[in-house]
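Let me begin by presenting the structure, written as structure tokens, before commenting on it.
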Amino acid sequence: AANAHLSRDLQTYRVNGAKETAEFFDYTYDEHFGCALPPYIQREAILEYMEARVTRRNPDFFEKYATFNTDVISVTYDIR
């Protein structure tokens with residue numbers, strides 16, 4: 001029940017910045033939402049927009065390249 005309350009509250013928060021600062025040059029808000037948006041939009045809408053941009057050319061991107069709910073044991077960086 002507490003998580004449901006938290007989730008509902010997060011949906012009402014706005015992103016801390018004007019929407020134009022997070023718009024992709026090759027996938028506009030107009031293209032995604034199909035209508036004008038207020039200057040500050042909800043986090044849920046930003047997430048939907050970003051997920052759609054990532055998956056529109058590669059629909060299985062998250063299944064192929066992302067792993068969730070996994071413990072990270074070690075990270076290395078190889079500079080070449």
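In this text the structure is predicted, and so the values were computed from the model without any measurement.
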inquiry  = Under the rule for side-chain hydrogen bond (donor to acceptor under 3.5 Å, both in side chains), what residues qualify as partners of Glu48, not counting sequence neighbours?
reply    =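 Here the qualifying residues are His32.
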
ask   = Sequence neighbours excluded, which residues qualify as side-chain hydrogen bond (donor to acceptor under 3.5 Å, both in side chains) partners of Glu23?
value =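 Expected list: none.
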
ask   = What pairs with Phe25 under side chain to side chain contact (heavy atoms under 4.5 Å, CB included), at least two apart in sequence or on another chain?
value = none

task = For Ala36, check side chain to side chain contact (heavy atoms under 4.5 Å, CB included) against everything at least two apart and list the hits.
result =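 With sequence neighbours excluded, Ala36 shows a side chain to side chain contact (heavy atoms under 4.5 Å, CB included) to no residue whatsoever.
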
task = Mind listing the closest non-hydrogen atom pair of Tyr29 and Leu37 along with its distance?
result =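 Scanning both residues completely, I find the closest heavy atoms to be CB-CD1, 3.8 Å.
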
ask   = What's the shortest heavy-atom distance between Arg57 and Asp26, and which atoms?
value = NH1-OD2, 3.5 Å

message = Return the CD to OH distance between Glu31 and Tyr49, rounded to the nearest 0.5 Å.
response =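 Reported value, rounded in 0.5 Å steps: 8.0 Å.
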
key: Co-members of the apolar cluster containing Leu47 [side chain, <4.5 Å]   =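 Joined to Leu47, directly or through intermediates: none.
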
task = May I ask you to list the residues sharing a hydrophobic cluster with Ile73, side-chain cutoff 4.5 Å, ordered by chain and number?
result =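 So far as hydrophobic clustering goes, Ile73 is joined with none.
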
message = Within the structure provided, determine whether Phe24 and Met50 are in side-chain contact (heavy-atom separation under 4.5 Å).
response =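 Yes, their side chains come closer than 4.5 Å.
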
ask   = Going by the side-chain hydrogen bond (donor to acceptor under 3.5 Å, both in side chains) test, which pairs reach into residues 61-72, not counting sequence neighbours?
value = none

note = For Phe33, the ring-ring contact (aromatic ring centres under 6.0 Å, His included) test, sequence neighbours excluded, returns none

query = Is it true that Ile46 and Val54 fall in one hydrophobic cluster, defined by side-chain heavy atoms closer than 4.5 Å?
reply = no

